[in-house]
Amino acid sequence: MTSPYNHKEIDKKWQVYWEKNKTFKAIDFSDKKKFYCLVEFPYPSGDGLHVGHPRSYTALDILSRKKRMEGYNVLFPMGFDSFGLPSENYAIKTGIHPSIITQKNIEKFTRQLKSLGFSFDWDRVFSTTDPKYYKWTQWIFTQLFKKGLAYKDKKPINWCLSCKTGLANEEVIDGRCERCGNDVEKRQVEQWMLRITKYADRLIDDLDSVDYLNKIKLQQINWIGRSEGAMVDFKVSDLDEKITVYTTRPDTLFGATYMVLAPEHELIDKITSQDYKTVVENYRKYAVKKSDLERTELSTEKTGVFTGAYAENPVNNEKIPIWIADYVLSSYGSGAIMAVPAHDTRDFEFATKFGLTIRCINRPDTELAEKEGVSVEAVLSGNACWQLEGTTINSSNDNGLDINGMSVEDAKKRTTDWLEEKGIGKYAVNYKLRDWVFSRQRYWGEPIPMVHCIDCGWVTVPEKDLPVLLPDVEKYEPSNTGESPLAAVTDWVNTICPKCGKTAKRETDTMPNWAGSSWYFLRYIDPTNDSVLADRKKLEYWMPVNWYNGGMEHTTLHLLYSRFWSKFLYDCGLIPTSEPYLKRTSHGMVLGEGGEKMSKSRGNIINPDDVVEKYGADVFRLYEMFIGPFDQAASWDTKGIVGIDRFLKKVWRMITNSDIVDIEIDTEQLRILHSTIKKVSEDIETLDLNTAISQMMVFTNEFSKHGEIPKQAAESFVKILYPFAPHICEELWEIIGHTNTITFEQWPTYDQNLIVEEMVTIAVQVNGKLRGNFQMEIDSNDNEVKKAAMEIENVKIHIGNREMKKIIIIKNKLVNFVV
RNA sequence: GCCGGGAUGGCGGAACAGGGAGACGCGUUGGUCUCAAAAACCAAUGGCCAUUUGGCCGUGGGGGUUCGAUUCCCCCUCCCGGCACCA
C-alpha cells in the first residue's frame, strides 16, 4: 500500500522540476518539426485569473504536451496585454500609477498561471506595456503612416457634458455617463484612422487558405459585409449641389420617391430651407444623443424631419423631398440614401408614417409571394413591401433606359451601365467594415509616435528616437478639452520637428488596446530583439501559428485587426506569411453556477486559487475540460468537481495499489486499452476533451477492478493522461520506475484490429419501432441476420400476419421490417 | 434590430455519415465494510402503465421529408456571444 495522493507536494515537486530543467523551452531552428501553439494572452486585471482563462490555456496545453510526445518542437508562449481602461480607471480613483498596478497584477497572474502547470516557455514572456515591446508597436504605426494607411479624420466620440471627458462605449449606460449619470452626446474629434478597408477583399478572400471554425469565418465575412451596387448622384433642386447615395438596388431607382440624409450629413446646412432650419437643428440635437445601435433598432419607431429641399431623381427628373432621419447612418455608404419604400422595409415604414409616396416598380414573383404570405395586389398598390425577386415594372424613361420586364439582377446591371454612360453614377463595392479609429484620448496606452510641425505637417518620430515613452502625469483624467492627459505635460508635448528642427508638438492621443495584441504572436518568436520587431530567420522557422485559440468574443475585432496588421507587415516584406494563423478555434465562456456571468456584483466568482488549494492543479485542469463541449458556454458546478477528484484518486490507487505485471492482456482489456488510446488521440485533435476524459474513466473503471494491471496498459494510460493531468502522471511515471520526465516519451499508438468486437448486438425494429435485439457474429450476411431477427418472439408478434413490404438492413447495427 | 451560436433525464453532458436516445460524471435510493462515520466498493436510477416477457410517451414548441429524425427542411419561442472607445 502506497501513500495517498498528496496533490500539494506533487504539484510543487514537478513545477519546480520543469522550471529548473527548462523542460518546455522552445528551441529556435531545431531539426524537429515545429508546432506553434498560441492562446490569447490575458489582460492582467486586478481580480486575478478568471476561471475562463484556464479553459483555453489547459486545452492548448494538452495539445502542446501531446505534440511534444509526437516529436514536435513546440512553441507555447504566454504574455500580458496590459494597456487598458481598468488600470487607468483604478489610477484615476487611487492616484497610483498604472504601471505599478499593472506590475502587481502581472506578478499575481504569473504565480497563478504557474500554479496550474502550463507548459509555457516562460523565457519568452513580455507585456505590451514594456517600452521594449511598444517601441515596435509604435514603429509599426510609423510604417502604416508612411504607406498612407494612417490618416487623420473627424470622427465622433462619446462626450460627457458634465465630466467634460470622452467616454468608452461601455462607460455609456442608456445614453448617460456611467460615473456621473449625466447626458452623453456625440462630439466630432480629429482622430488617427487606419485604412483597414483597403484590405477588405483580401481579408475575405484569404479565409479560403486557413482552417478556422466555419462560424468564425462567417463572422469575419459578415463583419466586413461586402456588397455590390452603385453610387448615384442626385442633383439638389435650385442649388449647385449634388447628393451621392450608395444603393445595392440600382434597379429600384424608378421607385425612389424621397431621399434621406444622416443627421450628420455635411450638406444639411446648405440645403435646408429657411422655414425648416429650427426643426432640422432640433432634430440633429436629438439624434446626436443616440447610439448607432439604438438608431438602427428596427422595432423602435422611425423618426425624421423634412428639410424643405428637393432633389431630382436622375432617371425621371422627378422632384423628390429630402428628409433627414437617424435610421440612416453617416458611417455606412455615403451617409445618404435614396428611399424606395415599396422595396425596402425601413423606407416603407418611414414613408407610411410620414405619408410619403410609395411606388411599386417590381411585381413580386407569384409563387415566392405566396410562400412568403405577401399579397401581390397589396405590393402593386403600395400597401405592402417586397424586397425579393420579381419583374421590373413602371421603369423606363425617354433617355434610353428601359428595364421593364427584367429580373432584379438584369435590371441592376442595365441601370448601372446606363448611369455610367450618362456620367451620373458608377458601379461600386461597399463594405460595412469601416476604417479603424485608432486614437484614444487616454493615458494608459502607447503614445502615437507623431509630431506636428507647422511647416512639415505630421511627421513620424524616427526609429532612433523610439520608443516615445509614456511620461508621468499628475492627473489621469482626460483634460476638459477632450485631449488626453498627456496634453497637460507641456515640456513633453513641446518638441522639435524631426524633419526641419523647428519647434513642434507631439501627438497626445494614445493607441487603443487592440494595438499591442495585433502583433504579439510575432514577438514571442524573438522577444528581446532590439534592432527589428523579430528576426526574419526566426520568423521563417516559426510562422505561421499552427493553432490559435481564444474566446468567441474576440472572433471579429481582434482577429480581423491582427490579420490586417499581418498582411500589412507581409506586404512590407517584414514577415513571411500574410495569414498569421493556420487554424483558429474558440472556446465558450465559463459562467457562474446557475448559468449567469461571473461578476463581483453577483458574488458568484470562483477563484482558481481556492480550487487548486483544495483539489490540486490536475483536478482543476481536468474539471475545466470535463465541464462541457469546449466551444460552448459552460456553467461552473462546485459539486461536479468531486467526480474528477474521485477519478484521479482512483487512477492513483489503480497504479500504486495494483501489481504492475508483465503479462499478456486479455482481448477485452486490449480492446478497451486500444479504443481509449484511439479516442483520446483523436479527441485532443478536435478539442473534444470532455469525451476524451470520459473514455479514460471507462478505462479506469475496468482496469482498477482486478488488483493487478498489465504493465503495458499502465504505461500507455499514464502517457495519455499526462497532457491533461501532468503533475500526477509525472509522479506515477516515476513510481512505475522511470527516471525521466514523460514530456518526451512517445505518444502511444493503437491497433484498429484490436478494437473491433467479434460479436455485435443487432437491433430489430418493426415499422421503425424497437421490438428486440440479438447477438451475431460481426459481418454476418444479410440472409442470416434476417432469419435470426425473425426468430425473435416479440418480433413475430408485431409482424403478425401482415404483408411484408420492405426489409431494411444496416450492417452490424439494425434490421427494420416494414409491414 | 443585424450577424453568429445554443436548447437532450433532477443536474453537467454523450450519440461516427439519417439507424438501438441518455456514454461518462454529479445527485438520489438501496446494499457491503465499520462500534460509528468518512472513504471505497456493489446495485438501481427519463416519465407513465403492466410489475415477468411487455406496452405507451419522450431530445424547447408547431409543421414537413423518410421505413426510420436529437440529426435534414420550413415556421415560432427562449437563452448566450458580437455590434467597431471593454478586453
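Just so it is clear: chains get the letters A, B, ... in the order the sequence lines come, proteins before strands, and each one is counted from 1.
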Does [N] have a Watson-Crick or wobble partner in any strand here, with both distances under 3.5 angstrom, and which is it?
N      : answer
B:rG30 : B:rC42
B:rG1  : B:rC83
B:rA37 : none
B:rG25 : B:rC11
B:rA69 : none
B:rU51 : none

Exercise: identify the closest heavy-atom pair between A:L689 and A:F724: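 That closest heavy-atom pairing would be CD2-CE2, 3.9 Å.
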
Check: A:K432 and A:Y332 side chains under 4.5 Å, non-hydrogen atoms: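 SC-SC contact between A:Y332 and A:K432 confirmed.
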
Heavy-atom check, side chain of A:M511 versus side chain of A:W192, under 4.5 Å: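 With C-beta onward as the side chain, the pair stays apart.
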
Could you tell me how far [M] sits from [N] if I compare only their [atom1] atoms? Round to whole Å.
N      : M      : atom1 : result
B:rG9  : B:rU70 : P     : 14 Å
B:rG61 : B:rA7  : P     : 13 Å
B:rU65 : B:rC75 : C1'   : 15 Å
B:rG64 : B:rC16 : P     : 26 Å
B:rU66 : B:rG12 : P     : 35 Å
B:rC24 : B:rA43 : P     : 12 Å
B:rC83 : B:rU8  : C1'   : 31 Å
B:rA39 : B:rU77 : C1'   : 47 Å

Sugar-phosphate only, base, or nothing, as touched by A:H50 at under 4.0 Å among non-hydrogen atoms: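 Contact class for A:H50: none.
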
Touch class at under 4.0 angstrom, heavy-atom based, for A:K769 against every strand present: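 Sugar-phosphate contact only - A:K769 comes under 4.0 Å of backbone atoms but never of a base.
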
To the nearest Å, give me how far apart [atom1] ([X]) and [atom2] ([N]) are.
X      : N      : atom1 : atom2 : value
A:I792 : B:rG54 : CD1   : P     : 11 Å
A:I641 : B:rC11 : CD1   : C1'   : 15 Å
A:Y327 : B:rC2  : OH    : C1'   : 16 Å
A:L218 : B:rC2  : CG    : C1'   : 14 Å
A:D645 : B:rA39 : CG    : P     : 11 Å
A:K705 : B:rA40 : NZ    : P     : 17 Å

Should [X] and [Y] count as an ion pair when the cut-off is N to O under 4.0 Å?
X      : Y      : answer
A:E349 : A:K302 : yes
A:E446 : A:R440 : no
A:E171 : A:R176 : no

Residue closer to the 5' end of RNA chain B, A:K806 versus A:K679 (nearest nucleotide):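 Checking each residue's closest nucleotide, the 5'-ward one belongs to A:K679.
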
5′-ward residue of the pair A:I810/A:K215 relative to RNA chain B: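 By nearest-heavy-atom nucleotide position, the 5'-most residue is A:K215.
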
Short side-chain to backbone donor-acceptor contact, A:T761 and A:Q775, under 3.5 Å: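 Not confirmed, A:T761 side chain does not pair with A:Q775 backbone.
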
Side-chain donor or acceptor of A:S780 paired with backbone N/O of A:M776 under 3.5 Å: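 Judged by distance alone, no pair lies under 3.5 Å.
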
A:W565 and A:W436 aromatic ring geometry - parallel, tilted or perpendicular at 30°/60° bounds: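 Correct class here is tilted.
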
Pairs satisfying salt bridge (Lys or Arg N to Asp or Glu O under 4.0 Å), at least one member in residues 693-702 of chain A, at least two apart: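 Every salt bridge (Lys or Arg N to Asp or Glu O under 4.0 Å) pair that includes a residue of residues 693-702 of chain A, provided the two are not neighbours, is A:E702-A:K705.
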
Presence of A:R653 side-chain N/O under 4.0 Å of B:rA39 phosphate oxygens OP1/OP2: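 So the side chain of A:R653 is outside the cut-off, no N or O lying under 4.0 Å from OP1 or OP2 of B:rA39.
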
Contact letters for nucleotides 77-87 of chain B, in which S counts primed atoms plus P, OP1 and OP2 and B counts the base, heavy atoms under 4.0 Å: ----BSBBBSB

Footprint string (nucleotides 20-32 of chain B, 5' to 3'): B base within contact, S backbone only, - free, heavy atoms under 4.0 Å: B--BBSSS-----

Torsion-based syn/anti label for B:rG61, 90° from 0 as limit: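 Anti, since the glycosidic angle lies more than 90° from 0.
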
Ring-ring centroid check A:F817 A:H798, cutoff 6.0 Å: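 When the ring centroids of A:F817 and A:H798 are compared, they turn out to be at least 6.0 Å apart.
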
